[in-house]
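Here's the structure, in structure tokens; my notes come after.
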Amino acid sequence: KFYYITLLRDPVSRYLSEWRHVQRGATWKTSLHMCDGRTPTPEELPSCYEGSDWSGCTLQQFMDCPYNLANNRQVRMLADLSLVGCYNMSTVPEKKRAQLLLESAKKNLRDMAFFGLTEYQRKTQFLFERTFRLRFIRPFMQYNSTRAAGVDLDNATVQRIEELNELDMELYDYARDLFQQRYQYTRQQERRQQRIKNHMQQTHQGLGLGVNLWPSHSRQSSLRSQNNPPAVRGGRGSEPGYCSSGGLPLLAPAPVTMEFGLLSLPGSAVVASSA
């Protein structure tokens, strides 16, 4: 069974990070942008530059290109583009297109097994481990001194980037609220389970039962498995087992073997493991 997971990032920081990446010579020429079984035509997806790459471009040049796929990239990569005619901008009116893409991205994110936020590394690790019943061998570290953070911007430039990424801004606000709700829910469930466990232990001791009489051997094995999940390698960065029902996250039992499909967004780091 496959699970899809992703990591979202603050849209302004992600946009700046992609600009710096492109500035150093990176291109997406190998990306096919497949949608409904075909790639977009040059008229549907014009290039922002001539030549082999866009190295050395200024931030102003990066922002000025109306075909720049860095704009609202997180929404576009999460949404079902077939709803709006893929890259054909004439299929659906612009305002309707934006609304459909945003709602589709929200739904797909909500239904995704797991997602994390770059700005909340420790909480991302907490949710990942509780969702998959896995344990990383090292704690995630919160690094804020990125290349994007080192770019000095005036208020007008920040506002312009936010305007270019208006859909991503709305998606990120939605994702952050959902992420915090899932985190708080999981913490509350963990505390509740711990209280029940403590109560059972106290009742057990009060009845004077032998340690080996209760719980059963199978239950003990289950508890050992949950309390000592296998360690998996991980690092910087960062739901399966999560499904959405009326906005409430539900934990599903983790299978013995898991494979993860990664939705990796430029400017975002994704960590996944398989056991």
Side-chain angles (χ1 to χ4, degrees), residues 1-11 13-15 18 28 31-40 45 69-89 91-92 94-120 123-124 127-128 130-132 164-183 185-186 237-252 254-255 258-272 274:
K1 184 175 181 179
F2 282 90
Y3 297 100
Y4 287 91
I5 68 176
T6 193
L7 188 71
L8 297 183
R9 186 176 181 181
D10 170 78
S13 296
R14 198 216 62 80
Y15 187 86
E18 184 169 350
W28 315 121
S31 300
L32 297 178
H33 304 291
M34 291 291 294
C35 182
D36 281 351
R38 70 176 184 88
T39 59
L45 193 59
L69 292 181
N71 301 343
N72 294 311
R73 185 181 287 279
Q74 294 182 108
V75 164
R76 193 178 60 257
M77 293 190 69
L78 283 171
D80 179 2
L81 296 182
S82 62
L83 295 174
V84 294
C86 298
Y87 292 91
N88 187 342
M89 303 297 289
T91 304
V92 181
E94 183 178 357
K95 188 174 182 180
K96 182 66 174 179
R97 178 185 178 89
Q99 179 184 1
L100 288 172
L101 288 176
L102 180 59
E103 292 306 315
S104 176
K106 287 181 178 180
K107 179 185 183 302
N108 289 335
L109 184 71
R110 186 168 63 245
D111 294 342
M112 193 170 284
F114 171 87
F115 74 89
L117 299 179
T118 302
E119 289 72 28
Y120 299 90
K123 290 182 178 180
T124 291
L127 282 175
F128 185 95
R130 270 62 177 183
T131 300
F132 292 111
L164 290 170
N165 294 273
E166 181 180 4
L167 300 183
D168 273 11
M169 297 293 292
E170 291 191 45
L171 175 67
Y172 188 81
D173 286 343
Y174 173 83
R176 184 168 50 195
D177 288 343
L178 180 59
F179 178 85
Q180 297 289 10
Q181 290 175 27
R182 291 184 173 185
Y183 175 77
Y185 177 87
T186 306
S238 243
E239 273 163 352
Y242 266 120
C243 58
S244 178
S245 176
L248 291 177
L250 305 176
L251 283 172
M258 294 184 291
E259 296 183 69
F260 303 125
L262 307 183
L263 177 54
S264 181
L265 307 179
S268 298
V270 179
V271 173
S274 59

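From a predicted model like this one, the values you see are computed outputs, not experimental measurements.
Within the 4.5 Å cutoff, side-chain heavy atoms of Phe179 are placed close to those of Thr124.
Taking the salt bridge (Lys or Arg N to Asp or Glu O under 4.0 Å) definition, one finds that Asp177 meets it with nothing, sequence neighbours left out. Remark: Ser82 pairs with Asp80 by the side-chain hydrogen bond (donor to acceptor under 3.5 Å, both in side chains) rule, at least two apart or across chains. Partners of Lys123 according to the side-chain hydrogen bond (donor to acceptor under 3.5 Å, both in side chains) rule, which considers only residues two or more places apart in sequence or in another chain, are Gln180. Shown here are the ring pair (Phe, Tyr, Trp, His ring centres under 6.0 Å) partners of Tyr87, two or more places apart in sequence or in another chain: His33. Applying the side-chain contact (heavy atoms from CB on, under 4.5 Å) rule to Ala70 yields the partners Arg14, Tyr15, Glu18, Phe62, Asn68; only residues at least two apart in sequence or on another chain are considered.
The closest donor-acceptor contact from the side chain of Asn71 to the backbone of Asn165 lies at 3.5 Å or more, if one exists at all. At distances below 3.5 Å, at least one donor-acceptor pair connects side-chain atoms of Asp10 with backbone N or O atoms of Ser13. Proximity of a side-chain donor or acceptor of Asp168 to a complementary backbone N or O of Arg73 within less than 3.5 Å is detected.
In this model, no donor atom of one side chain and acceptor atom of the other lie less than 3.5 Å apart for Tyr120 and Arg176.
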Check residues 94-103 and write down every donor-acceptor pair under 3.5 Å in which the side-chain atom is one partner and the other belongs to a residue at least two apart or another chain.
from	atom 1	to	atom 2	distance (Å)
Arg97	NH1	Val84	O	3.0
Arg97	NH1	Cys86	O	3.3
Arg97	NH2	Cys86	O	2.8

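More than 12 heavy atoms of other residues, nucleotides or ligands sit less than 6.0 Å from atom CD of Glu170.
Of all heavy-atom pairs between Thr39 and Leu32, the closest is CG2-O, 3.2 Å. Nearest approach of Thr6 to Met112, heavy atoms of both residues: CG2-SD, 3.5 Å. Nearest heavy-atom pair, Leu78 versus Asn108, reported as atom, atom and distance to 0.1 Å: O-ND2, 2.7 Å. Nearest heavy-atom pair, Asn72 versus Leu164, reported as atom, atom and distance to 0.1 Å: ND2-O, 3.2 Å.
Atom CZ of residue Phe115 and atom CG of residue Leu127 lie 8.5 Å apart, to the nearest 0.5 angstrom. Note: Tyr172 OH to Glu119 CD = 3.5 Å, rounded to the nearest 0.5 Å. Atom CD of Gln74 sits about 9.0 Å away from atom CZ of Arg9, to the nearest 0.5 Å. One finds the CG atom of Leu178 at 9.0 Å from the CG atom of Leu117 (value rounded to the nearest 0.5 Å). Annotation: the span from Met34 atom CE to Leu81 atom CG amounts to 12.5 Å, rounded to 0.5 Å.
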Open item on the list: Working note: Leu45 + Leu69, criterion side chain to side chain contact (heavy atoms under 4.5 Å, CB included); need CA distance, chi angles, decisive distance, verdict.
Closed with: CA-CA 9 Å; Leu45 193 59; Leu69 292 181; 3.6 Å; yes
TODO: Assess whether side chain to side chain contact (heavy atoms under 4.5 Å, CB included) is satisfied between Phe128 and Ile5, documenting all intermediate values.
DONE: CA-CA 10 Å; Phe128 185 95; Ile5 68 176; 4.2 Å; yes
